[in-house]
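Heads up, the thing below is written out as structure tokens.
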Number of protein chains: 4
Amino acid sequence: MRSVTITNGYEQSDREQPLDIVDLEALEELARQIIPTGGFGYISGGSEDEWTKARNREAFNTAQIPPRMLADIDHPSTETSIFGIPLKTPVIMAPAAAQGLAHSRGEAATAEGMAAAGTIMSQSTYGTTTIEQTAAAAPGAPWFFQLYMSTDWDFNHALIDQAKKFGASAVVLTVDSTQGGYREADVLNKFQFPLPMANLEQFSSRGSEGKGIAEIYAAAAQAISVDDVRQEYGCRTTVAASSMVDPVHSTCCRASRVRSTVGCR
Amino acid sequence: MRSVTITNGYEQSDREQPLDIVDLEALEELARQIIPTGGFGYISGGSEDEWTKARNREAFNTAQIPPRMLADIDHPSTETSIFGIPLKTPVIMAPAAAQGLAHSRGEAATAEGMAAAGTIMSQSTYGTTTIEQTAAAAPGAPWFFQLYMSTDWDFNHALIDQAKKFGASAVVLTVDSTQGGYREADVLNKFQFPLPMANLEQFSSRGSEGKGIAEIYAAAAQAISVDDVRQEYGCRTTVAASSMVDPVHSTCCRASRVRSTVGCR
Amino acid sequence: MRSVTITNGYEQSDREQPLDIVDLEALEELARQIIPTGGFGYISGGSEDEWTKARNREAFNTAQIPPRMLADIDHPSTETSIFGIPLKTPVIMAPAAAQGLAHSRGEAATAEGMAAAGTIMSQSTYGTTTIEQTAAAAPGAPWFFQLYMSTDWDFNHALIDQAKKFGASAVVLTVDSTQGGYREADVLNKFQFPLPMANLEQFSSRGSEGKGIAEIYAAAAQAISVDDVRQEYGCRTTVAASSMVDPVHSTCCRASRVRSTVGCR
Amino acid sequence: MRSVTITNGYEQSDREQPLDIVDLEALEELARQIIPTGGFGYISGGSEDEWTKARNREAFNTAQIPPRMLADIDHPSTETSIFGIPLKTPVIMAPAAAQGLAHSRGEAATAEGMAAAGTIMSQSTYGTTTIEQTAAAAPGAPWFFQLYMSTDWDFNHALIDQAKKFGASAVVLTVDSTQGGYREADVLNKFQFPLPMANLEQFSSRGSEGKGIAEIYAAAAQAISVDDVRQEYGCRTTVAASSMVDPVHSTCCRASRVRSTVGCR
């Protein structure tokens, strides 16, 4: 029997069970069976024929971590660090909105998982759980807060204060959502967010339920500049992040985007 | 019930209805259901195993308009201009013949659509509606007239006079139809134009019905030179256009062809 | 009803009929229906997973003859010439053995077709019809004779004398059959030539029926050198030809192989 | 009727029969029908979506041995030599573990086959038959011994002594198994070695049955350095070998890895 929480007619899965999978494709297939169509399309779909999504995957697959042979190393390790934060794996989590679409525990469960994997969780402005709830799910584990800067600066400051209060190691500014992508799965599914976004509920007079992602982006600050990245957020680091890799130059840009980090403290 | 206008046995659709589609592939599929096989093959098919068509699509997909991040821009826009004509979108319409094959309103409906999209319609010499009818469908909207120069210069002058009279912003000379392509769909469908071409009817003693595109091209001027592009047409601009992208060098040639514009006034 | 000539149990088609096809794939499909499996595999199959065959086709498709625009040319033409011989098309026929496998008229019908297309037929040493029969099928049309040099020089001289006598314009030496390819279709079909090879019957004590292509090659000269190409054959030209394009460098080698022509007179 | 030897529940085929195949894909398909699922997955599967396996195959297919034309050669030959050992073919066998999974005769039958093909067999540390048995299967034929250096140096010396005693021409050190690959077929099949590994049984207190490959690797020496390759093994040659080709640079690395041979005597 399926165990679900129904919110505004949206069936969030409550299930917790061991998974018998070998790769991410298998995980995606299991998720497709549990997550309602609209939510699955929002999470898994890319925009515009999924051209950039396909290029990103191709770029990711082409990036290799080739081992060095005959290096006299006893226990090879992929441990590394970012901004002085130790990582057990060289992969960190990108901010992703509205994780309650996938499971009723939302970002809290993701924070637990990232801590268990020894890497960094990134909490989105548009998360389903509050900053406090997410931080409490993995006490002591490092995490980033991602800010979609609103045109309402009281809202921005309220969020940054929360992030500092609950220990975010960095603020990640998304800089490529001035214009939302043309997300075909959302159009086909006529998808609008069925679940409240906790930060919008808590700190903003504008709600999110029953809106599409484009409407929600519309409230975000339009004119983001280098100065917005350089200003003082009170965290260790500010990172400018783009969810998009330039598909024409994906291989070479991938590295340079990581290097576009500014405002370290 | 299908609503059609039957001309010389060819069933032109009269239907007008809202479309529930997300991309051009979906539009093409709906069109296939409405347009008779011969007309659909003429419109959608390329020549010679559709090699160049496939290369053109690949080149088009590879050309990206990557947004600039952190540019302090409030409302990003894809508005631009060409020859001083403002465009709401950086895409203009290429000349395409015989649009009555797709719908009984022919080029007139296309002109309306292009005006609504804020871009330029290009009326072909071999259009189904007259220059006057097309121009009247979108009063005030900018449009180009495409000339297949005939070996009959009285015909050419009559067309250019009409284009000037009804306000064409530019004359587009097609320069790569000296030899028609080997269009396999037309061969398989034994396709010949079932509908009169309005300009040929109006200004030429030679008709078009019951002919293939190769026969119609045969009346066009063979020896087109740079001087033909440079001569005075009485419009703001003359553009030399090729429907073909050099498939071997598609990426670099794409830009250079656009630059091969000459004769601006 | 199928009309066939049965030779040693092999059913050669006798049919002649108009073909309603638009491309070579359609022709190959019709041929598959008429030519017995063993013969079709010999003609259409390549060696070793058909890797080189696929590379050759790719190279051929990539080679374009892009038209020059605005060149003031009245009637564009693909006519050209090779070794002073005028061609209506820039494509000539490569030597191919045992064409009787495809049709009972064998090379004679091919010679007719090549003459009608205005290009050059190449008669193989291992043809099904004699040099005399092939030459007589297209009086006055230019043709090449392809020589698999035998270790039996009386045989070689007899063939070259025939080629000169019946007007060959060039002798083509195949230089890459010292070792036959591993032709998987032939292995699967246990294919052996069912039809006599006319030149072997006429001028050699060694027959060809019931042999595989590897056995037949085994009688060919092993140590072919540049001197073999340079020697006097009594024709206008000698050409060293390879049925294989270096797949690694196919694009650049294609041209250089054509340039490896030596011994012009 | 299937003829099998059952060891620890694993059904090793005993069959010997002529094969009617034209290529390796056909051989793999026949093997799939005879080898139990777990063993077949271990032998045929690669790790991590089989990305590197696919790149290796692509690299192998791209490497050509193009014949030189007009070289005045009587009997072209692919014979060559490696470390002074004559080879009838330019391909030698890579070390592969646990060949008893494929057939009850294990490495002994492989040694026979390699000798018949005129090339070199490589006996793995983790073979199913002993060094003595494998060597005895092909008296006088050259072979290599592959060493997974154990952290137990008594074990290493015992194996090298055996290799020298039975005539190994070289010792091959595998240098890229410090960390085992993520072999998805093994995970899906929950594969553990059902058969004893002869060398572990004979010379080590640690067994192999009921273990996965990762557990077995864990006993191998971690910190392999260039000095381990350079040390004196008492054979003609020591070779450092990696089962992995750098997929990003596969074409150019392929050659350089072969050149990384050190310690010749």
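Protein chains get the first letters and strands the later ones, always in sequence-line order, with residue 1 at the start of each.
With sequence neighbours left out, D/Tyr233 forms a side chain to side chain donor-acceptor pair (under 3.5 Å) with no residue at all. Residues satisfying the salt bridge (Lys or Arg N to Asp or Glu O under 4.0 Å) test with D/Asp186, not counting sequence neighbours, are D/Arg183.
For CG of A/Leu19, the number of neighbouring non-hydrogen atoms (other residues, nucleotides, ligands) closer than 6.0 Å is greater than 12.
Rounding to the nearest 0.5 angstrom, the gap separating the CG atom in D/Asp228 from the CG atom in A/Asp72 is 7.0 Å.
The part of A/Asp20 that comes within reach of chain D is its side chain, from C-beta onward, which places non-hydrogen atoms under 4.5 angstrom from that chain. Neither the backbone nor the side chain of D/Asp227 comes within contact range of chain A; no heavy atom of the residue lies under 4.5 Å from a heavy atom of that chain.
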